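Being a predicted model, the structure only gives us computed values, none of them experimental. The sequence lines fix the lettering, A, B, ..., with proteins before strands; numbering per chain opens at 1.
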Amino acid sequence: MALERLRAQLSMNTDFFPQHTMGDNMIEGLAVGAMFESRRELSEKQVHRPTHAGISGTKSFGAQSVVLSGKYSDEDEGNIVVYTGTGGQKDVYRNPGPQVEDQSFDHPMNQYLLKSSLNKRPIRVIRGPSSSRYAPSQGYRYDGMYKVTAAYQDKDPESGYNVCKFRLERVPGQPPIPVSY
DNA sequence: GGGCCCGCAGGG
DNA sequence: CCCTGCGGGCCC
């Protein structure tokens, strides 16, 4: 199976981050709850560099950060998030377009998160406006470090196509998410 | 180093 | 609804 092969490839040469560390994706001086007006500002301040994409990272390093928008079938329970992968869509300008084929772990950005699930390196999580009841009503908010604890495929009930899912668990010992509901 | 393709924006 | 923009990773 393709996924097992990828896991085998990616698990070579991986670093492991002990449970008690925040890892090297944490930015000194970036406080939980820090607000940003736009994706542009997130990019300029290097909290999440891509101005459009939801997943930031590299194939060898893994992911660095993700942004939740609420426009996908993510599940957000605050300390636990199930983030949907990228790809398999048409007409991207519709943000997002309809799912027209299966998502794949071969997709570079999905590989970043798959890699992170193996090297246990915590990633930064940013919530966009109204992306869930844990999200700010406006602007983007840095909500701390999360670990990717699972990567699997699931059937998207809307389209019937398979999508990649990533379970994110918030690293303990951080200030709570500043929920405002 | 350059070109290419892409994406959980943002706005017209 | 439709288009432009922008930064990035990646593979020549």
Nucleotide of dG7(B), dC10(C), dA9(B) approaching Lys71(A) most closely (side-chain heavy atoms): dA9(B)
Minimum side-chain heavy-atom gap Tyr140(A)-Arg39(A) below 4.5 Å: yes
Arg39(A) CZ to dT4(C) P, straight-line distance once rounded to whole Å: 21 Å
Residue closer to the 5' end of DNA chain B, Ala53(A) versus Pro129(A) (nearest nucleotide): Ala53(A)
Side-chain heavy atoms of His48(A) within contact of Arg124(A), under 4.5 Å: no
Rounded distance (Å) that lies between atom P of dG7(B) and atom OH of Tyr83(A): 12 Å
Whole angstrom value for the distance that separates C1' of dC6(B) from CE of Met109(A): 7 Å
Touch class at under 4.0 angstrom, heavy-atom based, for Ser38(A) against every strand present: sugar-phosphate
Short side-chain N/O contact to dG8(C) OP1/OP2 from Thr51(A), under 4.0 Å: no
Asp106(A) versus Gln111(A), closest heavy-atom pair with distance: O-NE2, 3.6 Å
Pair of N/O donor and acceptor under 3.5 Å linking dG5(C) base with His52(A) side chain: yes
Distance in angstrom units between Glu44(A) CD and dG10(B) P, rounded: 12 Å
Sugar-phosphate, base or nothing in reach of Gly128(A), heavy atoms under 4.0 Å: nothing
Given dG7(B), dC8(B), dG10(B), the nucleotide with the shortest approach to the side chain of His107(A): dG7(B)
Whole-Å distance separating the CZ atom of Phe36(A) from the P atom of dA9(B): 16 Å
Touch class at under 4.0 angstrom, heavy-atom based, for Phe61(A) against every strand present: nothing
Nucleotide dG7(C), atom C1' - distance to CD of Gln64(A) in whole Å: 13 Å
Base of dG7(B) paired with side chain of Asn95(A) (donor-acceptor, under 3.5 Å): no
Pairing partner of dC6(C) (Watson-Crick or G-U wobble, both distances under 3.5 Å): dG7(B)
Under-4.0 Å side-chain N/O to phosphate OP1/OP2 contact, Arg49(A) with dG7(C): no
Cluster link Val163(A) to Tyr112(A), ILVMFWY, side chain under 4.5 Å: no
Residues which pass salt bridge (charged side-chain N to carboxylate O under 4.0 Å, His left out) with Lys155(A), listed by chain and number, not counting sequence neighbours: none
Spacing of Leu68(A) atom CG relative to dA9(B) atom P, expressed in whole Å: 10 Å
Spacing of Lys115(A) atom NZ relative to dC10(C) atom P, expressed in whole Å: 11 Å
Phosphate OP1/OP2 of dC10(C): any Tyr112(A) side-chain N/O under 4.0 Å: yes
